[in-house]
Amino acid sequence: MRNNPAMGESLATQFLSADLETACPACGYLMWVRYSEVVAQTAVTCPCCYTQVWLVDETGSAQNAGDAVQQQVAQALKGLFR
């Protein structure tokens, strides 16, 4: 996963702008998609074979992962500042 965090962005926002490497189901070409594209369940075109690939998040795990990570970090930091 690649990520270019910007100052002031929440972890959830940073997560959604992060890239995910995935393989084209038709030709196996490795390509990068953004988590936000997975959450939105958009279609991307493989740059190798030009197959339209629909990104599907059947369990909703990509949509909830950013919030879950942010909650875990907040919980971990909670005890540090007393």
Side-chain angles (χ1 to χ4, degrees):
M1 177 170 57
R2 297 183 300 174
N3 194 351
N4 298 323
M7 295 300 292
E9 288 185 345
S10 71
L11 288 174
T13 301
Q14 290 179 31
F15 179 80
L16 289 173
S17 64
D19 294 331
L20 169 69
E21 186 177 38
T22 189
C24 172
C27 70
Y29 183 81
L30 293 178
M31 57 185 171
W32 292 97
V33 296
R34 291 194 178 255
Y35 271 101
S36 58
E37 292 174 311
V38 176
V39 170
Q41 298 189 27
T42 61
V44 295
T45 302
C46 174
C48 183
C49 70
Y50 303 104
T51 297
Q52 189 175 34
V53 179
W54 285 95
L55 304 173
V56 178
D57 182 22
E58 292 176 353
T59 63
S61 59
Q63 188 168 3
N64 298 324
D67 289 332
V69 168
Q70 188 163 339
Q71 289 172 1
Q72 289 176 359
V73 169
Q75 186 67 25
L77 294 176
K78 190 181 194 178
L80 294 177
F81 303 103
R82 290 182 182 198

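Given the structure is predicted, the values throughout are model-derived calculations rather than measurements.
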Is any side-chain heavy atom of [X] less than 4.5 Å from a side-chain heavy atom of [Y]?
X: Leu55; Y: Val44; result: yes
X: Val53; Y: Cys24; result: yes
X: Cys27; Y: Cys46; result: yes

Okay, side chain of Gln41, backbone of Val38: is any donor-acceptor separation there less than 3.5 Å?
->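 Pair absent, no side-chain N/O of Gln41 close to backbone of Val38.
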
Could you check Val33 against Asp19 for side-chain contact (heavy atoms from CB on, under 4.5 Å), going step by step and ending with a plain yes or no?
-> CA-CA 5 Å; Val33 296; Asp19 294 331; over 6 Å; no

Heavy-atom pair of closest approach, residues [X] and [Y]:
X: Tyr35; Y: Leu20; answer: OH-CD1, 3.5 Å
X: Gly28; Y: Ala23; answer: O-CB, 3.9 Å
X: Pro47; Y: Met31; answer: CD-SD, 3.9 Å

